[in-house]
Amino acid sequence: MSGFARHASALEALKTRGRLRVLSGRGGYDFASNDYLGLADSDLLRNAAMAAIQRGVPVGSGGSRLLRGNAEEHELLEAEAAAFFSSEAALFMGGGFVANTAIFSTLPMQGDLVLFDEWVHASAHEGMKLGRADTQAFAHNDVSDAAAKLEAWQGGRVWIAVESVYSMDGDIAPLKALAELAVKHDAVLVVDEAHATGAFGAGLAHGLPGDIVGLHTCGKGLGVHGALITADRVLIDTLIAKARSFIYATAPSPLNAALVRAALAELSQSDTLPKAHQALVAHAHAEAERCLGLTGFDSQIMPVIVGEDRPALDLAARMQAHGYDIRAIRPPTVPKGTSRLRIPITLNTPAEVITEMFETLAKEMAK
Ligand SMILES: Cc1ncc(COP(=O)(O)O)c(C=O)c1O
C-alpha cells in the first residue's frame, strides 16, 4: 500500500478535520434509513420476491436494455408506473443517481438553460456537468429569484430543476408556483421526488399542470432499488436513444422490477401505508417541539442542526450508544456550520420509541 501514500495522507487530512466518511454497520432503532414506509424488509416484498421467482422472473437481466437485457417485467413496470404517476411514459433505471445523470446530460439541449435550485442533489449536478446546456442556480425555494432569472434568459428552453422534498432539510418546494412559472415561460419542470414518492403516494408534483419530468427513486419510499423517470413519450424515447448511463449499462434485475411493481400495486390499491406514515410523522413533529422546542418541520426528514462537525458526530455517537441509529451529516453534503443529525421517520420505528428518542436527545443536547 506504500504506493498510495498520497491517498493515505488525503484520508488522514479528512480524518483530522472530522470529515472522513467511513462505513459502519446497522444497529439500534431505524432513525437513519429512507425506507419511509417500512417496505424494505416487509413480508409484502418478501412474498412478492418469492412469487416472482416462482413465476420464472429472471434474477439477472443479462445486458443493456437496448440488447437482450430488456425483460417483460421492465416493460410491465413502466406501463404501470406511467399509469400510477399519471404520465405519458416511464423509464426504469438502476438508481436515482444514474437517472438524474441521464436526465440532465441528455434532455436539456445545447442553447437551453438548466435553472436549478441551489440545493438540488449531487446527482443533478453530475448530470449538468455532462450536459451541453447552460446552467444557473436560483436561491433555495425562491420563486421570485427563479422568475427573475427566467425573464432575463434569452436563449432556448429552460429546464427548472428542483426536489419536491429536500433530502437534508426535509423542506418542501413551492411546486404549484414553480409549475405556474414554468407554464408561463414554456419551461419544463424537472422534479426529483426521491423523498416524496411513496411517502406522499405518487409524489407532490402529481397533477400539476405543464411539462413535468419526474424522478421517482425506488430505493426509498418504495423499499426496493432503482428509479423511474416519468415524462412525455418523446422525452422517454430520447433517453432510450441517447442517455449514455442508460445505453451503456446492464439493465436492472427483472426481479427488482417485479418488486417495484409490487410496491406500486400496494400503493395504488390502498393509502394505508402513507396515511400511517403521515400520522407517525405528525407525532414526531409534536415530540420534537415538546422535547426540544423545535418547530417548522415540513416532512418526515427532520434535521437537528448542531453546527460544527465534531459535536454533531459526538452527539450521533452518544445517541447510537443509547440504541438509536442516528447519523450525523457534515459538509460538503450540507453547508458549512450546519452539521446536523438528519432524523428520518419511518414506519420501522414505533411511536413510543420516537418519544423516548426525542427525550433522550433533549438530555444529551443539554449536557
Ligand atoms: C434527492 C435525491 N435524488 C437522487 C438520489 C439518488 O437516488 P438513488 O439512491 O436511487 O441512487 C437521492 C439519494 O440519495 C436523493 O436524495
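Every value quoted in this text rests on a predicted model; they were computed, and no experiment measured them. All ligand and atom numbering here is 1-based and tracks the order in the structure. The basis for the numbers below is simple: all heavy atoms, side chains too, and nothing from hydrogens, waters or symmetry mates. The residues of the chain are indexed from 1 along the displayed sequence.
- Looking from atom 6 (C) of ligand 1 to the surrounding protein, the closest heavy atom is Phe97 N, 3.4 Å.
- In this structure, the side chains of Leu273 and Leu39 come closer than 4.5 Å at one or more pairs of heavy atoms.
- Ring-plane geometry between His74 and Phe92 is classed as tilted, the angle between the planes lying from 30 to 60 degrees on a 0 to 90 degree scale.
- Counting heavy atoms closer than 4.0 Å to ligand 1, residue His195 contributes side-chain atoms (C-beta onward) but none from N, CA, C or O.
- Salt bridge annotation for Asp41-Arg46: present, with a cationic side-chain nitrogen under 4.0 angstrom from a carboxylate oxygen.
- Within ligand 1, counting atoms from 1 as listed, the ones closer than 4.0 Å to a heavy atom of Ala194 are 1 (C), 2 (C), 3 (N), 15 (C).
- Summarising the geometry, atom CG belonging to Leu115 is positioned 10.0 Å from atom OG1 belonging to Thr135; distances are rounded to the nearest 0.5 Å.
- By the 4.0 Å heavy-atom criterion, Ser123 is counted among the residues contacting ligand 1.
- Ranking protein heavy atoms by distance to atom 13 (C) of ligand 1, first place goes to Lys220 NZ, 2.6 Å.
- Under 4.0 Å is where a charged nitrogen must lie from a carboxylate oxygen, and between Asp325 and Arg26 no such pair does.
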Working note: Leu264 + Leu77, criterion side-chain contact (heavy atoms from CB on, under 4.5 Å); need CA distance, chi angles, decisive distance, verdict. CA-CA 9 Å; Leu264 290 185; Leu77 167 60; 3.9 Å; yes
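- With hydrogens and angles ignored, the 3.5 Å screen pairs a side-chain donor or acceptor of Asp117 with a backbone N or O of Asn141.
- Listed by atom number, the atoms of ligand 1 under 4.0 Å from Gly95 heavy atoms are 10 (O), 11 (O).
- The protein heavy atom nearest to atom 12 (C) of ligand 1 is His121 NE2, 3.3 Å.
- The nearest heavy-atom contact from the protein to atom 3 (N) of ligand 1 is Asp192 OD2, 2.6 Å.
- Here the protein heavy atom with the shortest distance to atom 10 (O) of ligand 1 is Gly96 N, 2.7 Å.
- Every atom of ligand 1 with a heavy atom of Thr217 under 4.0 Å away is listed here by number and element: 7 (O), 10 (O).
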